[in-house]
Amino acid sequence: MSTSTSEESANPSPPAQPAAAAAAAAAWPRRRCHDVFWLLVFLLHLLVFGGAFAVCGLNRFGQADRFNIDRFTNLTAAPRVAGSPEPAPAPPPPSLAAEEITPTSELTESYWPYYGAAGAVGAVLAWAWLAAAAGRKDGGMVIMRAAVHSLTAYLAVVSVLCFWGKHFFWGVAFAVGAALHFLYVMSVLDRFPFTMLVLQKAVRMVWELPDVIRIAYAFVLVMLCWMALWSFGVSGIVAFHIPNGGQWWALLIFSVSLFWTGAVLSNTVHVIVSGMVFLVLIHGGQAAASMPPKPLLKSLQYAVTTSFGSICYGSLFTAAIRTMRWEIRGIRSKIGNNECLLCCVDFLFHIVETLVRFFNKYAYVQIAVNGQSFNRSARDAWELFQSTGIEALVAYDCSGAVLLMSTILGGLITGTCTGVWTYFKQSDKAIMVGSTSMLMGMIL
């Protein structure tokens, strides 16, 4: 008798199976894929750039100019008129004649360890930030204080180091960055108490969901795997002497690729966390009886399948537009009675506000909840803010800017560690390696 009962419970009757399936479908409605074009563009970008990274790295891995690419960089040689005698080879510059250039100084493995160190430092800092936020309920306060009070001083220190190393352009750039950051902080200082409350509330919500913290740790590892290939290609570019600033242009293109990839992974985590937090809030807790089964895995599935095209699309533009909006708001609040300057800033402000309507960070929450396209999600989120009256609170909040400061600080620490090490080994490549390492640290 007990055996038949257990068999019945293990194998529900046929009418019960459709009911269970209907309940699961109601909990997780079927979603359509959106922004498929941008998904294909992103995947094609990964394929093309992944191949480029491999070729650039292998070209000088263990052997200088393995694929004979050097012949494409000799663009400055003067053309020879037909019938004229061949010009005599030019003597080497004194600096090269005085120094013996060994083949190993031109290889990928000469620079790859620097980027390995950058990845290690960036990952440690990323996990330290996560531990600070997830390990204690006042993690928002720790993050804000560290970022706000340390960034200006650290930018000034990096500027001094650049001047000491006779890199005057970078010294001026970091000095200007320190001044702009200080002015921005002064212009929004009165908003920091409210920002503190927002950060503390967000940290408490995530603190109660340790599974989403584990997702963030896992995505740091995924980013490190892609960075291993990226740094392999960049090391080949740094070892590859391209005239007329070609190295910097190649590094710029590779850096844009890394930024987009990092933004996609970061916003994927954002969508997963937003979906999980929404379910917990709407059902009244993670242990509620109405909570759908395996909510984290389902949020992850939606983020990397039906919603991934929308994430790729938004990641191209959101960060730049959001940063411009913060800067213009800070400047606009401190202009005073200068009507000409106020008119110019207002013109820029309205342009950025129009862009924000279609490209904003809050779209990712709508994507997580409703599975809509990116532009529609951004528009719906902004109209929701305007119709409910919380647009003023959103504008007053600086938590996104504060978290950006922590991102920049992490990148600066990573770039400084790697750049100083490179300076004592190969001083002429210190800025090149340090700046790309800073980008790695920021993304991690």
Side-chain angles (χ1 to χ4, degrees), residues 28 31 39 42-43 45-46 49-50 53 115-136 139-140 142-143 202-232 257-280 286 291-312 314-315 318-319 361 364-365 367-369 371 403-404 406-407 410-411 413-414 437 439-444:
W28 293 109
R31 295 186 178 185
L39 170 62
F42 179 73
L43 295 178
H45 144 266
L46 290 183
F49 276 87
F53 300 153
Y115 290 108
V121 173
V124 168
L125 289 174
W127 288 330
W129 283 122
L130 284 171
R136 47 189 300 178
V142 174
I143 292 174
V203 167
R204 286 195 185 101
M205 295 170 81
V206 178
W207 189 78
E208 296 170 358
L209 301 171
D211 288 344
V212 300
I213 297 293
R214 297 189 190 103
I215 287 289
Y217 281 115
F219 269 75
V220 171
L221 290 176
V222 173
M223 192 69 239
L224 278 174
C225 293
W226 179 253
M227 279 184 174
L229 178 60
W230 180 86
S231 60
F232 183 67
S257 167
L258 181 66
F259 179 83
W260 189 19
T261 307
V264 167
L265 290 180
S266 174
N267 290 325
T268 302
V269 175
H270 189 179
V271 169
I272 295 169
V273 174
S274 299
M276 187 67 184
V277 169
F278 166 77
L279 287 174
V280 169
Q286 194 171 5
M291 192 75 170
K294 299 180 180 178
L296 184 64
L297 289 178
K298 208 66 181 179
S299 295
L300 175 62
Q301 178 187 332
Y302 282 155
V304 299
T305 53
T306 57
S307 299
F308 197 62
S310 301
I311 295 171
C312 297
S315 300
T318 307
K361 190 80 171 177
Y364 297 112
V365 181
I367 290 172
V369 174
L403 295 175
L404 177 63
S406 69
T407 298
I413 295 172
T414 305
S437 298
L439 178 64
M440 290 177 64
M442 288 177 61
I443 290 173
L444 285 170

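Ser307 and Arg31 get closest at one heavy-atom pair: OG-NH1, 4.2 Å. Taking all atoms of both residues into account, the shortest heavy-atom contact from Leu224 to Ala123 is CD1-CB, 3.8 Å.
By the side-chain hydrogen bond (donor to acceptor under 3.5 Å, both in side chains) test, Ser257 pairs with His45, sequence neighbours left out. Residues forming a side-chain hydrogen bond (donor to acceptor under 3.5 Å, both in side chains) with Thr414 (at least two apart in sequence, or on another chain): none.
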Problem - Derivation of the side-chain contact (heavy atoms from CB on, under 4.5 Å) call for Ile215 and Val273 - result: CA-CA 9 Å; Ile215 287 289; Val273 174; 5.9 Å; no
Exercise for the section: Tell me, with the steps shown, if Lys361 and Asn267 meet side-chain contact (heavy atoms from CB on, under 4.5 Å). Expected result: CA-CA 9 Å; Lys361 190 80 171 177; Asn267 290 325; 2.8 Å; yes
Handout entry: Stepwise side-chain contact (heavy atoms from CB on, under 4.5 Å) test for Phe278 and Val365
Key = CA-CA 9 Å; Phe278 166 77; Val365 181; 5.9 Å; no
Exercise for the section: Starting from the C-alpha separation in whole Å, work towards a yes-or-no answer on side-chain contact (heavy atoms from CB on, under 4.5 Å) for Met276 and Gln286. Expected result: CA-CA 9 Å; Met276 187 67 184; Gln286 194 171 5; 3.4 Å; yes
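Note: Tyr364 and His270 have tilted aromatic rings, judged against thresholds of 30 and 60 degrees for the angle between ring planes. By the 30° and 60° cut-offs, the orientation of the rings of Trp127 relative to Tyr217 is tilted.
Lys298 places none of its side-chain heavy atoms less than 4.5 Å from the side chain of Leu279. Counting only heavy atoms from C-beta outward, the side chains of Phe308 and Val264 approach each other to under 4.5 Å. Residues Phe42 and Thr261 are in side-chain contact: their nearest non-hydrogen atoms beyond the backbone lie under 4.5 Å apart. Inter-residue side-chain proximity for Val121 and Val124 is flagged as unmet; no heavy-atom pair is nearer than 4.5 Å. Contact annotation: the side chain of Tyr115 never approaches that of Met227 to less than 4.5 Å [non-hydrogen atoms, C-beta and beyond]. Residues Val206 and Val212 form a side-chain contact, since some pair of their non-hydrogen atoms from C-beta on lies under 4.5 Å apart.
Ser406 contributes a side-chain N or O that, together with a main-chain N or O of Leu403, makes up a donor-acceptor pair within less than 3.5 Å.
Aromatic rings from Phe53 and Trp226 are positioned such that their centres are separated by under 6.0 Å.
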